[in-house]
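Since we're looking at a predicted model, the values are computed, not measured.
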Amino acid sequence: MAEPEPQKKGFLDKIFRLKDKADRKNRKKDDQKEGGPLQPPVQEPVTYHPYGLKCVAEGKNPTIDIIAVHGLNGHREHTWKADNGVNWLADEDMLPEKIPNARIFVWGYDARTHGNDYLSEAYLHQHGSQLVGDLADERHLDGTSKRPIIFIGHGLGGIVIKSALIHSNSTHANHLSHHRPIKVSTYGILFMGTPHSGGEGVTMGQIAQSVASIFVHTNDRVLQHLQKQSEWLSKQKDDYASIMRDFVTKFGWEVYATPLFGGLSNMVVRGRTRVLCPSVDFPKL
């Protein structure tokens, strides 16, 4: 792979520095509450979960597309907002100021494990294919199919991005050829707390979800895939290994516990994720 141009090479570092600055400025350190018996959730009106692509910053004479994909139980817009409402991907004095020539998208999908309404039965590889389809259609319509891409994957979103790139790479002239440019155009990926080998907190999450199923609709398909050393994740790593060096890649890992259902919390991704390439750098989130 050719050495990245200095301007492009700095994009990933700018994004990570900005994310770290936003976290340090806006994070609220709440005292950990003592654990107690799991309580049924408060029944609230069905929350609207937007799916698909949304452009949150058009950019000034854009030359690159940034696509952010949320994680488990995440939300297309809310995942990227701090407690004070600042969206580090969209607010004009945040990432759009640092990389003004970037068009920035967020992409939503049903990653819920529980909810008051019915949940998607789609598998992770189907979410990946849908991401490629949505992005390919958007870029084809406005004539930007060859524009470089940077993906940002938060938690499970990183797994979906890998599925998307594997899918795009598998297409050919006689089968979904319009999906191929997504992989070819991808320049870099930021994995933020992605459980490449499965999550440490999945078992606890499954226990909490089992209790939740008494009160609300639940879906365990995602958690099954995210178990430590799951067969599906092992296969995905093998499939991704053949293309991973085509991209500039950076990793981050958790330093705060992830909240789970019923008041539980746990570290899903502990320490460095040495799964893809041991030579890359590993900034903390």
Do you know which two heavy atoms are closest between [X] and [Y], and how far apart they sit?
X	Y	answer
H179	A136	CD2-CB, 4.1 Å
S185	S145	OG-O, 3.2 Å
A68	L89	CB-CD1, 3.4 Å
G128	S163	CA-CB, 4.1 Å
E77	K81	O-CG, 3.8 Å

Value rounded to 0.5 Å, distance of [atom1] in [X] from [atom2] in [Y]:
X	Y	atom1	atom2	answer
T144	I149	OG1	CD1	8.5 Å
F247	I161	CZ	CD1	11.0 Å
D238	Y240	CG	OH	14.0 Å

Exercise. Do any N or O atoms from the side chain of S168 and from the backbone of R180 form a donor-acceptor pair under 3.5 angstrom?
Worked result: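 Checked: pair present.
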Problem set entry | Set of ring pair (Phe, Tyr, Trp, His ring centres under 6.0 Å) partners for W80, sequence neighbours left out |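 Partners of W80 under the ring pair (Phe, Tyr, Trp, His ring centres under 6.0 Å) test: none.
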Exercise. Sequence neighbours excluded, which residues qualify as ring pair (Phe, Tyr, Trp, His ring centres under 6.0 Å) partners of F105?
Worked result: none
Problem set entry | Contacts of type salt bridge (charged side-chain N to carboxylate O under 4.0 Å, His left out), residue K98, not counting sequence neighbours |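 Partners of K98 by the salt bridge (charged side-chain N to carboxylate O under 4.0 Å, His left out) criterion come out as none, since no residue qualifies.
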Exercise. What pairs with D239 under salt bridge (charged side-chain N to carboxylate O under 4.0 Å, His left out), at least two apart in sequence or on another chain?
Worked result: K235
Exercise. Can you list every pair that meets salt bridge (Lys or Arg N to Asp or Glu O under 4.0 Å) and has a residue in residues 63-72, with sequence neighbours left out?
Worked result: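 Matches after skipping sequence neighbours: D65-R103, D65-R139, D65-R147.
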Seminar exercise, completed: Contacts satisfying salt bridge (Lys or Arg N to Asp or Glu O under 4.0 Å) that involve residues 84-94 (not counting sequence neighbours) are none
For this session: Walk me through it: do I104 and I67 pass the test side-chain contact (heavy atoms from CB on, under 4.5 Å)?
Result: CA-CA 6 Å; I104 304 173; I67 298 94; over 6 Å; no
Exercise. Side chains of H140 and H178: do they bring a donor and an acceptor to under 3.5 Å?
Worked result: no
For this session: Would you please say whether a donor-acceptor pair under 3.5 Å links the side chains of K162 and H196?
Result: yes
Problem set entry | Partner of Y109 under side chain to side chain contact (heavy atoms under 4.5 Å, CB included), chosen from R76, H127, Q126 |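 For Y109, the side chain to side chain contact (heavy atoms under 4.5 Å, CB included) test succeeds with only one of R76, H127, Q126, which is H127.
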For this session: Please lay out, stage by stage, how Y187 and V248 fare under the test side-chain contact (heavy atoms from CB on, under 4.5 Å).
Result: CA-CA 6 Å; Y187 165 77; V248 176; 4.0 Å; yes
